[in-house]
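So you know, we letter chains A, B, ... as the sequences are listed, proteins then strands, and number each from 1.
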Number of protein chains: 2
Amino acid sequence: MNKATGAVKGKRVAIVCGVPMDMGNCPVRDVMDNIGGKWNSLMILSLADGPLRFSQLRRLIPDISQRMLTQTLRDLQRDGYLNRTVYPTQPPSVEYSLTDLGRSFLTLLKLFVDWSLENHEAIQKARAEYDEVP
Amino acid sequence: MNKATGAVKGKRVAIVCGVPMDMGNCPVRDVMDNIGGKWNSLMILSLADGPLRFSQLRRLIPDISQRMLTQTLRDLQRDGYLNRTVYPTQPPSVEYSLTDLGRSFLTLLKLFVDWSLENHEAIQKARAEYDEVP
DNA sequence: CAGTATCCACCCAGATACTG
DNA sequence: CAGTATCTGGGTGGATACTG
């Protein structure tokens with residue numbers, strides 16, 4: 001028993017729109033982590049126009065470290081958003097491409113990007129107003 | 001100059017769908033942080049059906065700490081997603097409600113939730129397949 | 001009731017070096 | 001080319017105690 005929150009261990013259930021949500025195993029959070037990660041959604045957007053190789057992605061996203069590029073690609077591959085295809089050339093080349101799931105998510109992501117661009121100014125304004133408090 | 005990535009300090013620009021994106025000041029990332037935070041989107045969903053007070057939100061989301069509840073509400077208020085109304089009763093009661101911006105975002109969020117529920121199984125399956133590698 | 005204020009553990013992500 | 005390995009700092013979020 002958690003004294004601070006009153007939550008019972010192993011049964012962390014929030015009520016959202018009248019529907020109980022198990023926060024311990026939440027489908028939405030699962031997906032949210034894929035969009036929320038620092039590079040994940042940018043990666044999916046980068047692959048929108050077609051497959052790219054590791055080094056191409058590196059050049060496309062200049063300020064990602066090799067470590068993070070690898071890890072982000074792994075995570076997205078693991079969750080089924082993209083394919084990893086190895087061509088046995090010398091030296092090896094590896095191509096990444098969106099799966100059907102990835103493309104499905106991409107349409108959602110684009111809505112999200114559009115909304116962001118439309119409302120970015122309003123958010124900045126709200127933020128500025130909040131910050132200039134007396 | 002960043003040797004590891006080749007990025008020039010202060011000019012971190014990724015090319016997304018052919019469009020240069022300044023990663024230092026990205027509108028999309030700005031919004032992403034609001035959905036990506038651990039409690040942010042859950043908070044907006046919780047306020048979907050009408051205004052709620054601090055303690056009501058606490059009960060609705062059992063496993064959020066007081067600190068995080070306060071901080072999440074502040075962040076969302078600052079960015080213009082919700083209003084904070086103080087009623088000068090004794091003891092004081094404070095009501096939180098969605099702004100127009102918040103409601104606009106809510107519609108997007110609902111699409112996101114729907115997609116998550118529809119595709120959660122596919123993701124779990126992909127994950128399981130990836131993990132059972134030889 | 002509706003918060004602040006502290007302290008702290010953890011993990012994410014960056015830097016760097018090395019490899020098949 | 002396409003990674004892995006290791007070290008490390010900073011930020012996020014949790015626990016706890018106190019307050020107008």
Side-chain angles (χ1 to χ4, degrees), chain A residues 1-9 12 14 23-24 29 32-43 51-78 82-97, chain B residues 1-9 12 14 23-24 29 32-43 51-78 82-97:
Chain A
M1 179 73 160
N2 184 324
K3 278 194 293 183
T5 63
V8 178
K9 201 167 149 193
R12 301 171 305 170
M23 298 311 292
R29 175 150 310 288
M32 210 76 96
D33 288 341
N34 287 127
I35 196 187
K38 183 159 183 184
W39 303 106
N40 295 355
S41 42
L42 184 58
M43 198 63 58
L52 290 172
R53 289 184 329 190
F54 189 86
S55 54
Q56 293 179 301
L57 284 167
R58 252 192 101 174
R59 276 189 291 274
L60 214 57
I61 308 172
D63 58 337
I64 193 172
S65 69
Q66 228 164 351
R67 173 174 149 45
M68 277 301 105
L69 181 52
T70 304
Q71 188 172 302
T72 304
L73 289 169
R74 285 288 171 284
D75 288 349
L76 291 174
Q77 185 197 350
R78 184 169 110 98
L82 45 84
N83 300 305
R84 178 176 183 271
T85 318
V86 182
Y87 296 99
T89 55
Q90 194 54 265
S93 73
V94 179
E95 205 173 70
Y96 293 90
S97 59
Chain B
M1 179 72 159
N2 183 327
K3 279 193 292 182
T5 63
V8 178
K9 200 167 148 191
R12 302 171 304 168
M23 298 311 292
R29 176 150 310 288
M32 210 78 94
D33 288 342
N34 286 130
I35 195 185
K38 183 159 181 184
W39 303 106
N40 296 356
S41 42
L42 184 58
M43 198 64 59
L52 290 171
R53 288 183 329 189
F54 190 85
S55 53
Q56 293 179 302
L57 284 167
R58 253 192 100 176
R59 275 189 292 274
L60 214 55
I61 308 173
D63 58 338
I64 193 174
S65 69
Q66 225 163 355
R67 176 185 174 337
M68 278 301 105
L69 181 53
T70 303
Q71 189 172 303
T72 304
L73 289 169
R74 284 289 172 283
D75 288 350
L76 292 174
Q77 185 197 351
R78 184 170 110 99
L82 44 85
N83 300 305
R84 177 175 182 273
T85 317
V86 182
Y87 296 100
T89 55
Q90 197 52 266
S93 74
V94 179
E95 205 173 68
Y96 293 92
S97 59

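- Residues satisfying the side chain to side chain contact (heavy atoms under 4.5 Å, CB included) test with A:Arg59, not counting sequence neighbours, are A:Ser55, A:Gln56.
- When side chains are defined from C-beta on, B:Leu69 counts as touching B:Phe54, because their heavy atoms get closer than 4.5 Å.
- For A:Asn83, the side chain to side chain contact (heavy atoms under 4.5 Å, CB included) criterion is met by A:Ser97, A:Thr99, not counting sequence neighbours.
- Side-chain atoms of B:Asn34 never come within 3.5 Å of backbone atoms of B:Ser41 as a donor-acceptor pair (strictly under, hydrogens ignored).
- Between the C1' atom of D:dG9 and the CE atom of A:Met68 lies a distance of 14 Å, rounded to the nearest Å.
- Shown here are the side chain to side chain contact (heavy atoms under 4.5 Å, CB included) partners of B:Arg78, two or more places apart in sequence or in another chain: A:Arg127, A:Tyr130, A:Asp131.
- In this structure, the side chain of A:Arg58 does not engage the main chain of A:Ile64 through any donor-acceptor pair within 3.5 Å.
- Between the P atom of C:dA13 and the CD atom of A:Gln71 lies a distance of 7 Å, rounded to the nearest Å.
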DNA chain C base-pair string [pairs: Watson-Crick or G-U under 3.5 Å; |: paired with another strand]: ||||||||||||||||||||

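- A straight line from CG of B:Leu69 to C1' of D:dA15 spans 15 Å, rounded to a whole angstrom.
- Rounded to a whole Å, the CD1 atom of B:Ile64 is 12 Å from the P atom of D:dA15.
- Distance CZ (B:Arg29) to C1' (C:dA13): 12 Å, rounded to an integer number of Å.
- At whole-Å resolution of the value, CG in B:Asp33 and C1' in D:dG13 are 15 Å apart.
- Proximity of B:Gln71 to B:Arg74: side-chain heavy atoms (C-beta onward) are nowhere separated by under 4.5 Å.
- Side chains of B:Arg53 and B:Val94 form no contact here, defined as non-hydrogen atoms less than 4.5 Å apart.
- Atom CE in B:Met32 sits roughly 16 Å away from atom P in D:dT12 (whole-Å rounding).
- Applying the side chain to side chain donor-acceptor pair (under 3.5 Å) criterion to B:Arg84, with sequence neighbours excluded, gives B:Tyr96.
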Could you list the protein-to-nucleotides 2-6 of chain C atom pairs, N/O on both sides, closer than 3.5 Å?
{"residue": "C:dA2", "atom": "OP1", "partner": "B:Val94", "partner atom": "N", "Å": "3.1"}
{"residue": "C:dA2", "atom": "OP2", "partner": "B:Ser55", "partner atom": "N", "Å": "2.8"}
{"residue": "C:dA2", "atom": "OP2", "partner": "B:Ser55", "partner atom": "OG", "Å": "2.7"}
{"residue": "C:dG3", "atom": "OP1", "partner": "B:Arg74", "partner atom": "NH2", "Å": "3.3"}
{"residue": "C:dG3", "atom": "OP1", "partner": "B:Arg84", "partner atom": "NE", "Å": "3.3"}
{"residue": "C:dG3", "atom": "OP1", "partner": "B:Arg84", "partner atom": "NH2", "Å": "2.5"}
{"residue": "C:dG3", "atom": "OP2", "partner": "B:Tyr96", "partner atom": "OH", "Å": "2.6"}
{"residue": "C:dG3", "atom": "N7", "partner": "B:Gln66", "partner atom": "NE2", "Å": "2.7"}
{"residue": "C:dT4", "atom": "OP1", "partner": "B:Arg74", "partner atom": "NH2", "Å": "3.3"}

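- The CG-C1' distance, from B:Asp75 to D:dG11, rounds to 13 Å in whole Å.
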